[in-house]
Amino acid sequence: MEFKSYKDDAWYDVRIETESNGDSGGNGRRLRVKFTGFADEHDEVVDGKDLKSFKEVDFLRCRFRPMSVQLQDTECSQVHKGMSVCAAHSAYPDDRRFYDAVVDGVVRNEHRFENGEEQCTCSFILSWKHGPYYGSLSEQALENICRVQPPLAVDKLDPLLASFLNSARKTVQATGFFDSGARSQRLKQETKLARSTSSHLKGDDVDIGGVPHMIIIDNLEKGISPLTIMEFIHHHLSFPCQAFVSPSRVLESYARGAILLHSKRNFDKLSAFLENPDHIIISSRGRPWLMTEKTPVHDTHMALIETFRLTSRNVQQTRRTGTCNELKVVISGTKEYSTAKQLKDLFERLADHICKLHQRCG
């Protein structure tokens with residue numbers, strides 16, 4: 001498997017070991033991540049007792065995934081705009097580090113053959129999703145690009161990793177969320193507004209730092225799970241968020257959701273991702289997302305957040321199987337994008353019409 005390092009945010013091939021941390025109570029294990037081809041002093045260690053919430057346990061799991069597969073010259077045609085990949089970027093000679101990226105464009109060239117073997121000569125424009133080159137574009141050859149493998153189901157995880165995560169979850173459940181002196185100290189340093197928001201959301205295991213920001217999404221598929229939204233955003237943008245879905249009314253064919261972020265930088269990144277005219281987020285049934293509001297969270301929004309939080313509880317129990325929980329990004333120039341754009345424009349006109357009706361009635 002591969003692991004996204006805490007030190008440089010790059011992906012590496014690794015193996016893992018577990019060892020005792022000397023703590024007889026709680027989670028008495030440490031997870032040692034050993035990097036293939038590197039000496040022991042480069043190991044990264046995660047102590048089970050340092051994982052204070054279910055969210056922190058889940059984020060650790062997201063740092064592991066099946067090993068990405070090197071694309072072969074004959075697979076060149078399978079690489080297309082909008083495809084998520086893991087690619088090498090060298091800041092210095094002999095210093096190749098792998099980061100996630102999205103294919104922004106492809107320059108097709110005629111392949112050549114040497115000794116009977118096909119060699120790809122195409123160029124691929126990549127937009128980096130994280131790491132020191134985040135947001136920038138660079139040109140790469142196919143030999144530097146790997147195909148990202150789908151995440152493993154819980155029962156397919158490495159047994160050592162699954163055991164460690166399960167133990168950490170049991171410890172969190174037994175000790176509670178705000179049981180750490182360090183966490184208490186951090187909470188004391190937060191603003192009054194952040195503490196107010198935390199009091200409303202701590203049951204959902206939110207890690208708040210500074211003033212939260214909120215984005216409202218309309219036209220969600222009915223029955224979508226908040227966890228699906230969080231995993232989708234983490235997969236494409238590599239940062240955490242909190243999501244809520246409010247059950248739709250009887251006569252409505254769609255649901256409404258809220259995404260809460262605790263970093264202005266992540267808020268700006270997600271806003272740019274949602275507003276990018278080159279792609280649209282849709283459900284597997286073709287229903288396009290529509291961002292209808294984005295704002296810092298003030299006292300006036302607390303009632304709305306509390307409503308989302310309470311009504312979202314039932315939705316969270318929705319099974320994650322089935323089409324309502326599948327999301328994807330469709331790229332400009334495709335038939336799916338054209339259809340999604342028409343539906344999105346239609347929903348915007350409908351939303352605007354309803355808003356004007358409310359104003360007249362008010």
Side-chain angles (χ1 to χ4, degrees), residues 1-14 55 58-71 78-91 95-106 123-152 213 215 217 227-243 259 261-282 289 291 294 326-332 334 337:
M1 58 187 166
E2 58 190 23
F3 173 76
K4 187 161 68 170
S5 169
Y6 285 105
K7 296 180 180 179
D8 62 6
D9 212 33
W11 290 97
Y12 294 90
D13 297 343
V14 299
K55 185 175 291 294
D58 289 339
F59 288 159
L60 172 61
R61 178 188 169 187
C62 288
R63 285 188 172 270
F64 291 92
R65 69 185 183 192
M67 191 179 298
S68 298
V69 179
Q70 172 69 53
L71 284 163
Q78 299 177 20
V79 183
H80 53 81
K81 184 177 179 180
M83 180 177 176
S84 293
V85 297
C86 186
H89 196 297
S90 301
D95 181 22
R96 282 165 51 90
R97 305 192 188 200
F98 284 81
Y99 299 94
D100 288 341
V102 174
V103 179
D104 190 74
V106 181
S123 298
F124 303 88
I125 311 302
L126 303 184
S127 174
W128 299 98
K129 293 169 61 177
H130 66 102
Y133 319 104
Y134 164 74
S136 63
L137 299 175
S138 66
E139 183 178 327
Q140 298 289 333
L142 189 69
E143 64 185 21
N144 295 323
I145 301 175
C146 298
R147 186 193 305 274
V148 177
Q149 300 301 297
L152 291 175
H213 289 68
I215 292 177
I217 305 293
L227 185 59
T228 296
I229 297 174
M230 291 188 285
E231 289 181 341
F232 176 81
I233 293 172
H234 189 276
H235 174 73
H236 284 275
L237 299 176
S238 300
F239 60 71
C241 69
Q242 189 76 5
I259 301 172
L261 301 123
H262 310 291
S263 159
K264 180 61 165 58
R265 179 187 177 192
N266 291 346
F267 171 76
D268 291 338
K269 287 165 64 175
L270 179 57
S271 297
F273 179 69
L274 295 174
E275 294 175 326
N276 189 336
D278 293 331
H279 64 238
I280 297 174
I281 301 169
I282 65 171
W289 279 19
M291 181 172 66
K294 57 177 183 176
E326 297 175 5
L327 297 169
K328 61 180 178 179
V329 177
V330 292
I331 307 302
S332 177
T334 64
Y337 177 91

K.L.:
Report yes if the side chains of I259 and F267 come closer than 4.5 Å at any heavy-atom pair, otherwise no.
P.N.:
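Result no, sub-4.5 Å side-chain heavy-atom pair not found.
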K.L.:
Please name all residues satisfying salt bridge (Lys or Arg N to Asp or Glu O under 4.0 Å) with D13, sequence neighbours left out, ordered by chain then number.
P.N.:
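With neighbours one apart ignored, the set is empty.
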K.L.:
Got a sec, which residues hit ring-ring contact (aromatic ring centres under 6.0 Å, His included) with F59, two or more places apart in sequence or on another chain?
P.N.:
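With neighbours one apart ignored, the set is H234.
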K.L.:
For the aromatic rings, using the six-membered ring if either is Trp, is the centroid distance between F64 and F3 under 6.0 Å?
P.N.:
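For F64 and F3, the ring centres are under 6.0 Å apart.
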K.L.:
Below 4.5 Å, heavy atoms only, C-beta onward: do C146 and V69 meet side chain to side chain?
P.N.:
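A side-chain contact is absent here, since even the closest heavy-atom pair is not under 4.5 Å.
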K.L.:
Do H130 side-chain atoms and D100 backbone N/O form a donor-acceptor pair below 3.5 Å?
P.N.:
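Answer holds: yes.
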K.L.:
Checking side chain to side chain contact (heavy atoms under 4.5 Å, CB included) against L126, which of V102, D104, V85 comes through?
P.N.:
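Of the listed residues V102, D104, V85, the side chain to side chain contact (heavy atoms under 4.5 Å, CB included) partner of L126 is V85.
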K.L.:
Spell out, as yes or no, whether a donor-acceptor pair under 3.5 Å connects the side chain of E2 to the backbone of S68.
P.N.:
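Flag set: sc E2 to bb S68 pair under 3.5 Å.
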K.L.:
Of all the heavy-atom pairs spanning V106 and F124, show the shortest one and how long it is.
P.N.:
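Closest approach of V106 to F124, heavy atoms only: CG1-CE2, 3.7 Å.
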K.L.:
Can you find a pair of side-chain heavy atoms, one from N144 and one from F98, that are under 4.5 Å apart?
P.N.:
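Contact flag for N144/F98 side chains = no.
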K.L.:
Could you report the tightest heavy-atom contact between P240 and L261, atom names first, then the distance?
P.N.:
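Closest pair (atom of P240, atom of L261, distance): O-CD2, 4.1 Å.
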K.L.:
Nearest heavy-atom pair of K294 and S271: which atoms, and what distance?
P.N.:
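Minimum heavy-atom contact is CD-OG, 3.6 Å.
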K.L.:
Take W289 and I229 through the side chain to side chain contact (heavy atoms under 4.5 Å, CB included) test and state the conclusion after the steps.
P.N.:
CA-CA 11 Å; W289 279 19; I229 297 174; 3.9 Å; yes
K.L.:
Between H213 and K264, is any pair of side-chain heavy atoms under 4.5 Å apart?
P.N.:
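Side-chain contact under 4.5 Å: yes.
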K.L.:
Does any part of the side chain of R97, heavy atoms only, come nearer than 4.5 Å to the side chain of P132, both counted from C-beta?
P.N.:
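No - every pair of side-chain heavy atoms lies 4.5 Å or more apart.
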K.L.:
Minimum heavy-atom separation for S5 to Y12, with atom names?
P.N.:
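So the minimum-distance heavy-atom pair works out to CB-CE1, 3.9 Å.
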K.L.:
Does the side chain of K4 come within less than 4.5 Å of R65's, by heavy atoms?
P.N.:
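A side-chain contact is absent here, since even the closest heavy-atom pair is not under 4.5 Å.
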K.L.:
Do D9 and Y134 make a side-chain contact, defined as non-hydrogen atoms from C-beta onward lying under 4.5 Å apart?
P.N.:
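Not in contact.
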K.L.:
Please work out whether the ring planes of F273 and F232 are parallel, tilted or perpendicular, with thresholds of 30° and 60°.
P.N.:
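Judged by the thresholds at 30° and 60°, the geometry between F273 and F232 is tilted.
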K.L.:
Within the structure provided, determine whether N266 and L237 are in side-chain contact (heavy-atom separation under 4.5 Å).
P.N.:
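Side chain of N266 against side chain of L237, heavy atoms only: no contact under 4.5 Å found.
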K.L.:
Output the distance between atom CE (M1) and atom CD (Q149), rounded to the nearest 0.5 Å.
P.N.:
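If we round to the nearest 0.5 Å, M1:CE and Q149:CD are 15.0 Å apart.
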K.L.:
Does the Q242 side chain pair with the main chain of M230, one donor and one acceptor, at a distance under 3.5 Å?
P.N.:
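It does not hold such a pair.
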K.L.:
Locate the shortest heavy-atom distance separating W128 from A88; write the atom from each residue and the value.
P.N.:
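Looking at all heavy atoms of both residues, the shortest contact is CH2-O, 4.0 Å.
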K.L.:
So, for Y337 and I331, which heavy atoms are closest and what is the spacing to 0.1 Å?
P.N.:
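Smallest interatomic distance, heavy atoms only, reads CB-O, 3.1 Å.
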K.L.:
Roughly how far, to the nearest 0.5 Å, is CD of Q78 from NE2 of H80?
P.N.:
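H80 NE2 to Q78 CD: 9.0 Å, rounded to 0.5 Å.
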